[in-house]
Structure formats: C-alpha cells, structure tokens
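Just below is one structure, and these are the notes that go with it.
The figures that follow rest on heavy atoms only: side chains count, while hydrogens, waters and symmetry mates do not. Counting convention: from 1, in listed order, for ligands and their atoms alike.
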Amino acid sequence: VADAAVWTRLLEQARWAPSPHNIQPWRVRPRSATAADLLYDPARLLPDTDPTGFFTQVGFGIFLEALDVAAAAHGLEVEVAPVAWRLDATAAGLPLLARLRLAPRTRPEPLDASLLERRRTSRLRYDGEPVDAATLEACRAIAAAAGQSWTATSDPEAVAWTLRLNRDTLFYDMADAAARGEVGRWIRTTPAEERRHRDGLSARCLGFPGWLLRLFFRHHRLMEWPGLRQAIRMRYDRSMRGTRTVAWLTGRFDGPADAVAAGRMLGRLWLTLTARGVGLHPFGSIITNPRAYARLRERMAGGDPQARTWLIMRLGRSAEPPRSLRREAAEVLA
Ligand SMILES: Cc1cc2nc3c(=O)[nH]c(=O)nc-3n(C[C@H](O)[C@H](O)[C@H](O)COP(=O)(O)O)c2cc1C
C-alpha cells in the first residue's frame, strides 16, 4: 500500500526501541498516509514476570517516543489517541492500544533520529569514572519535565549495594519456575537461534556463553552446585567492573497510562545519554521481582510513600555494546 510507505520509513528507525527482554510487542496497522493503529501482539507479553503489564507499557512509551523522534526528521509529529492501554496475554488477534496520527510538527525536537539506531543497553564493564555532573543534570531535567524525579549517586557503598542486589535478583528470578520459564522463552543461546527470531535476549548481548545460559534456564537443577553459582557470580561481578554511578527514577507509576508516560520520558533520557556517549543498563528485574523489590523498598524506607521507584539502573562509559537484533519493519506492520 502506498499509504504504508511513510509508516514503514518511521518504523525502520522506531523498531530499534528497547523493550523488556527485547520482546518487541508492538504492531502498526497503517490506515492512510497520516493515520495508523497501534496494536499489540498478545503472544509477545510477559504475564508471569510483568503481571501488571506496566513494564511492557514502559516499552510502548519508549516506542511511541521513538516514532515521534523519527517523525521529527520529516517535519512531522505523532499524535496519540489512546483507546485502552490494557494488555491481555489471552486476547485473540492484535488488540488496539491507540490511534496514531501524523501532523505537521509544532514542537522542536533536539534529539537526532540517528540516535535511535545508535542507542543500546550497555552490559559491559564501564571506565571507572563517575558520570559527569552535566549529564546527570540533563537526565534530571528530562525526568522533571515529565513530573518524575531522578536521583543519581556515585557513593561507592550505594553502587556496590545496587550491583549486589541486581546479582541476587538473577538467582531470585531463576529460583522461580514461572519466571525461569518465561525468561527462558526469550533466551537465544546460539547465533542461528538469534537470527531466526530477531528478538529476545541473545547470549552475545548478555555477554554470557550460550552453553551457560542453556544450563541456567534449561537444566536449572545443576545450578544447585555451589561451584557453578559461584562461577556465575564471578562472571557477573567482572562484567560490572568500573561502574561508579547508579541512578533511579521515582514518581507516578500507578497504572498503564502512567507507565506509558514514564516510558516516553525514559526513551528521551536514554537517547540523551547516547548523544553524550554514556551507556545505560536498566536493572528492571529488581523492580519486577517481588523479593528484590522488597529489599529495595526497605533500603529506601522513609521516602515519600506516594512516590514509587520504578526503575533502577547503572550508567557509565563503555566500549560499544553489541547490537541486539530487531524484527524487520515489514514484520511490525499489520
Ligand atoms: C523497561 C525495561 C526494563 C529492562 N530491564 C532490564 C534488566 O533488568 N536487565 C537487563 O540486562 N536489561 C534490561 N533491559 C534492557 C533490554 O533487555 C534491552 O533493551 C533489549 O534487550 C534490547 O536491547 P538494546 O537496548 O541493546 O537495543 C530493560 C529494558 C527496558 C525497556
């Protein structure tokens, strides 16, 4: 369809948006050159590890922001009319989330569309330097513009505590059969498997050998060997070397619309870090794993009870991370 051409062009860039476990739950059905429906694929949700769907909605928020940044390069903006932000893994077909409309751009866009393809998750070791004050201030301003609060620290004790909690979370998630099964379905342990799916978490991007991931997810009982657990811990600690800064986002996160708004902000924040050459590694599972989240809450006790810490992350400069794959724009089109 000729009408799909402009949407295909936007998707070529927006499809690089990050989503939890790289599930890429989005589909776009063009209606005309200026209108399209945003749909979701119920088979690409995380009912066990993201039962409220909020984290997946964060992904949709990032995706919408990516579409808008891509549209800006064409002098356009994407207007979003939500239909229902509810996600249901048991739904049939491709349910409608929102109607999208392309309109002439009225707001300036400081972010260059080329950042969409450059942005990555950096799970590599960082350079041992705290993130500079100007970058942290840029993040604070982006969060504040969305009514969220951003806190960063380079306190060595706080950094070490956070890295340890994230390491423990790996084992908490793996001890839970439902979580292990769900994450395991998105693990790509060989290059062929990765190329076939073009989604999920590849051994290459996680920086873990495929055989070790296979043991971890598919032969979990072997993990009861203390030697193997210790080897995994050591590998994790090595990959976290040089981390001097951690940060967290706090604010409204009470429903799917909040999560989409939070995601749009996170998308801008991540692209801004990319422009500044600073890598980001979200520790989303600290939030989604109940046991890890309880430890985080306990540590943060005393803060505003209304405000929710909904993402914690490490950030810093690293070598260029491997690029995780995406489905083609033609596969995103519905
Ligand atoms: C809301 C959200 C939570 C995430 N949580 C984690 C996490 O806990 N651990 C992790 O290693 N990556 C996490 N990621 C990173 C995704 O796995 C990553 O974005 C995806 O695999 C695509 O890779 P890319 O960002 O390099 O393009 C998260 C991403 C999002 C959007």
Atom pairs, nitrogen or oxygen, ligand 1 to protein, under 3.5 angstrom:
residue: ligand 1; atom: 5 (N); partner: G284; partner atom: N; Å: 3.3
residue: ligand 1; atom: 8 (O); partner: G284; partner atom: N; Å: 2.7
residue: ligand 1; atom: 8 (O); partner: S285; partner atom: N; Å: 3.0
residue: ligand 1; atom: 8 (O); partner: S285; partner atom: OG; Å: 3.2
residue: ligand 1; atom: 9 (N); partner: P282; partner atom: O; Å: 3.2
residue: ligand 1; atom: 11 (O); partner: R123; partner atom: NE; Å: 2.8
residue: ligand 1; atom: 11 (O); partner: H281; partner atom: NE2; Å: 3.0
residue: ligand 1; atom: 12 (N); partner: R123; partner atom: NH2; Å: 3.3
residue: ligand 1; atom: 17 (O); partner: R123; partner atom: NH2; Å: 3.0
residue: ligand 1; atom: 19 (O); partner: T121; partner atom: OG1; Å: 3.3
residue: ligand 1; atom: 23 (O); partner: S324; partner atom: OG; Å: 3.0
residue: ligand 1; atom: 25 (O); partner: R119; partner atom: NH1; Å: 2.9
residue: ligand 1; atom: 25 (O); partner: R119; partner atom: NH2; Å: 3.3
residue: ligand 1; atom: 25 (O); partner: T121; partner atom: N; Å: 3.3
residue: ligand 1; atom: 25 (O); partner: T121; partner atom: OG1; Å: 2.6
residue: ligand 1; atom: 26 (O); partner: T121; partner atom: N; Å: 2.9
residue: ligand 1; atom: 27 (O); partner: R119; partner atom: NH2; Å: 2.8
residue: ligand 1; atom: 27 (O); partner: S324; partner atom: OG; Å: 3.4
residue: ligand 1; atom: 27 (O); partner: R326; partner atom: NH2; Å: 2.7

| request: Might you confirm whether atom CZ of R235 has over 12 heavy atoms from other residues, nucleotides or ligands at distances under 6.0 Å? | output: yes
| Is it true that the NZ or CZ of R323 lies under 6.0 Å from the centre of W16's six-membered ring and within 45 degrees of the ring axis? | yes
| field | Polar side-chain atom of Y236 near backbone of L163 as donor-acceptor pair, under 3.5 Å | value | yes
| Cation-pi check, R314 onto Y126 ring (under 6.0 Å, within 45° of axis) | yes
| task | Report yes or no: does D258 contribute a side-chain atom to a donor-acceptor pair with the main-chain N or O of D254 at less than 3.5 Å? | result | yes
| said: Using a 6.0 Å distance limit plus a 45 degree cone around the ring axis, check whether R140 lies over the aromatic ring of W150. | reply: no
